[in-house]
Amino acid sequence: MHDSLKNKNILLIDKLCNQIKMCVKQEEWSKAELNCNSLLQLDATHLIAHENLPLSLANQGKKKEAKIIYEKALAIYPNAGNIITNYSICLGDLGLFEESTTQAEKAATQNPNDLIYQINWMAACIKSRRYGTSIRIGEQIIKLPNTRPEIKNIILNNLANAYRITGKSREAIRAFRQAIDLAPELLDTHTNLLLTMHSEPTVSDMDILEAAKNYSLQVEKTTIHTTPLPFPKDQNPHKVLRIGFISPDFRKHPVLYFIEGLLAQLDRSKFHVECFSLSHQEDEATERIISYSNGFFLIAGWKNLDQVSFIRNRQIDIMIDLAGHTADSGLAILAHRCAPVQVTWLGFPGTSGLSTIDWRITDRVASPASDDIFYTERLIRLPKIFCVYRPLARCIPLRYTEAYQVKESPALRKGYITFGCCNSPAKFSEDILNIWSRILLDIPTSRLLIEATGISEDEPRNQLISRLIGCGIPESRIILIQRKYENQYLTYHDIDIALDTYPLTGGTTTFDTLWMGVPLVSLAGSGFRSRMSTSIISALGYPQWIAQNPDEYVQIAKNLSQNISHLNSTRLQLRQRMKNSPLMDELGFSRLFGRMLRDLWWHWLTDHEHTVNSELPTHERVTLYEHQFAQWRLSEPPDQSSIRVCLSVGKAITLEQAYEHLDVLLERARQSPDIPETWNALERWAWTVLAARPDDKRAVLALAHCAQARGHQGTAETHRMLADSFT
């Protein structure tokens, strides 16, 4: 009887193993999970179950749960290459890049002949900014014979990414194109090529457009059998519009600096806002974004058509992509048409190439009229600036500390001018390095400070130094600083004058630079990629810092350096000027953005209600549009937007109500000064108010009371000083 039961269990185990393998092959992950759990009940140490249970969880989007299961599996099988490698991938998806690289290296060194393990190590090194190691691995394994085209594509894609980030844009473009020739259906390679092309001066705007259209051709092959989007039932021009934002970057990411204020303040009497997240990386910034939303949905890791179906069922009116051609974006989802109106904004400086993306948000300075021909989208130009900036959004409290206040020009204490750039070396074209060299040679005592990622390793560091020396800059005048997350903004204390990159100018970096009081010299190009800084600096009111050619760039830098006293005066005034400009007017921008969203909806209604004959001449169509819009504006409800303090999904209170609660918490803390939690509660609430309204005087004074109660006199004084400067 015992032998019979044992044989029966063996047969059942074999059956479950076969079922697991079949489920994994067919990507039926929930069934695979059930079968793995059944197998573990029969054999608690079975390798196939321990390999595939966490894999099944990860592919269902349960990354955190998968991480725990991987760790249990590795306790039993510490040297199992497949488990280690998949664990590494899971860690990377959760944003744990250093741990991911450690595990990837372990699997690769234990199994040096396994190409997949080497590729995963290479990819992990890129995420942990070990670009030199990634290039070394890639250049070795790309030479191996008999590699399948799709595998060779992945190697070339990773290798080209490492080239791009370390400033080898031409080598990167060449490798990306080779990868696309091998496997054109792999969309990530097209996306990476497009991102790289924007940094290369020899690439024209028309070249970029053609590459984007090639991407679109591949995507459209996946949408052939997608059913058309159902026609919206409610076509009321004044209805509450359902707005969807889709992004992999709802976390501590540069995109956060430009969406947080908008999401917090977009008028909820007119707009219902939902966010669709394409990343498992979450942090306290994610929690804030969730609180600003009427709905927040994690759809990362789902099959493409499941994502499309889910979004369609939310009945979104206007869908806004925030990533463009960057990692893990939603373009392949929006290619299936998830909303009547689809828009791209912020994350990428060029066209999507997709016929299903209707509009791209920009402004009149960043995108002159001549720019239209380089986009498959129509350009909607905001009247002042294409975005609004919230500094230090990654950690709101730091904004009100002494370390992050503007300091005097370092030249006053050093006796020489320090030029600097904190942009990625991916943007360091030969053209711009040659311009920088002219500046340094014309001002013999000056220095060039560069803060960059990836230069902690000798190879990329030496490569960057070699490029700078090759352009004529003496090594003794070069200062290289490895970019560290915790040092963001602080490097600007050591820079007198910032030098912008070209043809891809700074975006977030330009805002950061100016907020820290550092004047920025920029070269204006013809299109958005070369005019982001032009738009930002123009909105700030310093057109004299914008050059129209390389000679002007050099002269502007020299002029700024000649009067250190005036340079210092400008520096100390720049932050307040920025606060008073459109660059940081969150409520004003939210109103303009809301006006734009309504106009986009009206455009769609006018197009689809057949009130305009598409065969009419353009001037007659424009006249009809204007007449229709004018009629709708007469019946439009009044603007009710005001400061709102968000607490959780769909729940917000007025600023006045927030102040009342702030007063209650302050009085409670004063009555119980020896109970830390009362001060902690007051501090948390002050941060909540500041998330809604940065530089709120009452909230910062509350922080001063908290610091005083804890004996942090210096911090308290800083808070009071800042509060006194707020209006």
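Here the structure is a predicted model, which means the values were calculated and not measured.
Using a cut-off of 4.0 Å between Lys/Arg side-chain N and Asp/Glu carboxylate O, Arg693 and Asp695 are scored as not salt-bridged. Between Asp442 and Lys558 there is a salt bridge, with a side-chain nitrogen of the basic residue lying less than 4.0 Å from a carboxylate oxygen of the acidic one. The existence of a salt bridge linking Glu98 and Arg130 is confirmed by a sub-4.0 Å separation between a basic side-chain nitrogen and an acidic carboxylate oxygen. In summary, Glu171 and Arg174 do not engage in a salt bridge, as defined by a charged side-chain N under 4.0 Å from a carboxylate O. We find that Arg467 and Glu430 are joined by a salt bridge, their nearest charged nitrogen and carboxylate oxygen being less than 4.0 Å apart. Salt-bridge formation is not detected for the pair Lys168/Glu200: no Lys NZ or Arg NE/NH1/NH2 atom is positioned less than 4.0 Å from an Asp or Glu carboxylate oxygen.
Remark: Arg447 qualifies as a cation-pi partner of Tyr416 under the 6.0 Å distance and 45° angle criteria applied to the six-membered ring. For Arg698 and Tyr659, the positive end sits near the middle of the six-membered ring, less than 6.0 Å away and at most 45° from its axis. Figure legend: Arg360 and Trp345 shown without cation-pi pairing, the cationic atom not lying both under 6.0 angstrom from the six-membered ring centre and within 45 degrees of its axis.
A 4.5 Å side-chain heavy-atom check between Asp321 and Phe348 finds every atom pair outside the cut-off. Side-chain atoms of Ile208 and Phe374, non-hydrogen and from C-beta on, never get closer than 4.5 Å to each other. Side-chain atoms of Leu567 and Pro519, non-hydrogen and from C-beta on, do get closer than 4.5 Å to each other. Residues Thr362 and Ile380 fail the side-chain proximity criterion, which asks for heavy atoms closer than 4.5 Å.
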*Show your reasoning for whether side-chain contact (heavy atoms from CB on, under 4.5 Å) applies to Ile361 and Met596.*
CA-CA 9 Å; Ile361 300 170; Met596 178 208 67; 3.6 Å; yes
_Could you walk me through whether Arg394 and Gln488 satisfy the side-chain contact (heavy atoms from CB on, under 4.5 Å) test, starting with their C-alpha distance in whole Å, then the side-chain angles of each, then the deciding distance to 0.1 Å, before giving a yes or no?_
CA-CA 10 Å; Arg394 64 175 174 84; Gln488 185 187 6; 2.7 Å; yes
*Assess whether side-chain contact (heavy atoms from CB on, under 4.5 Å) is satisfied between Phe245 and Leu262, documenting all intermediate values.*
CA-CA 11 Å; Phe245 291 90; Leu262 173 68; 4.3 Å; yes
*Worked verdict on Met532 versus Leu504 for side-chain contact (heavy atoms from CB on, under 4.5 Å)*: CA-CA 8 Å; Met532 286 184 286; Leu504 182 57; 3.7 Å; yes
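A side-chain N or O of Glu717 and one of Gln713 form a donor-acceptor pair less than 3.5 Å apart. Glu260 and Tyr292 form a side-chain donor-acceptor contact under 3.5 Å, judged by distance and modelled atom types alone. Arg477 and Ser446 are linked by a side-chain donor-acceptor pair at a separation below 3.5 angstrom, with hydrogens and angles left out of the test. Side-chain polar atoms of Asn568 and Ser565 form no donor-acceptor pair below 3.5 angstrom. Under 3.5 Å, the side chains of Thr513 and Tyr492 contain a donor-acceptor pair of N or O atoms. For the residue pair Tyr553 and Trp436, a side-chain donor N or O sits within less than 3.5 Å of a side-chain acceptor on the partner.
Taking every heavy atom of both residues into account, Tyr542 and Arg577 meet most closely at OH-NH1, 3.2 Å. In this structure, Gly517 and Val406 approach most closely via the heavy-atom pair N-CG2, 4.2 Å. Contact record, Ser134 with Ala162: OG-CB, 4.1 Å, taken as the closest heavy-atom pair. The two residues Arg531 and Ala366 make their nearest non-hydrogen contact at CB-O, 3.6 Å. Taking both residues in full, the closest heavy atoms of Ser424 and Ile165 are given as OG-O, 4.1 Å, listed atom of the first, atom of the second, then distance. When every heavy atom of Val518 is checked against every heavy atom of Asp496, the shortest pair comes out as CG1-O, 3.7 Å.
The only option from Arg571, Gln573, His566 that meets the side-chain hydrogen bond (donor to acceptor under 3.5 Å, both in side chains) definition with Ser569 turns out to be Gln573. When the options Leu379, Ile320, Val343 are evaluated for a side-chain contact (heavy atoms from CB on, under 4.5 Å) with Trp359, the one that passes is Val343. With Ser535 as the partner, the side-chain hydrogen bond (donor to acceptor under 3.5 Å, both in side chains) test is satisfied by one option alone out of Asp363, Thr505, Thr510: Asp363.
Around atom NZ of Lys252, more than 12 heavy atoms belonging to other residues, nucleotides or ligands sit under 6.0 Å away.
The aromatic rings of Phe511 and Tyr389 lie parallel to each other, their planes meeting at an angle below 30°, with 60° marking the opposite boundary. Relative orientation of the Phe528 and Phe386 rings is perpendicular, given thresholds of 30° and 60° on the angle between their planes.
Residues that satisfy the side-chain hydrogen bond (donor to acceptor under 3.5 Å, both in side chains) test with Ser522, not counting sequence neighbours, are Asp500. Contacts of Gln265 classified as side-chain hydrogen bond (donor to acceptor under 3.5 Å, both in side chains), with partners at least two apart in sequence or in another chain: none. Applying the side-chain contact (heavy atoms from CB on, under 4.5 Å) criterion to Arg591, with sequence neighbours excluded, gives Leu587, Asp639, Ser641.
A donor-acceptor pair under 3.5 Å is formed between the side chain of Thr166 and the backbone N or O of Tyr163. Using modelled atom types, no side-chain atom of Glu475 and backbone atom of Ile465 make a donor-acceptor pair closer than 3.5 Å. Remark: side-chain polar atoms of Asp328 are not paired, donor with acceptor, to backbone N or O of Pro248 under 3.5 angstrom.
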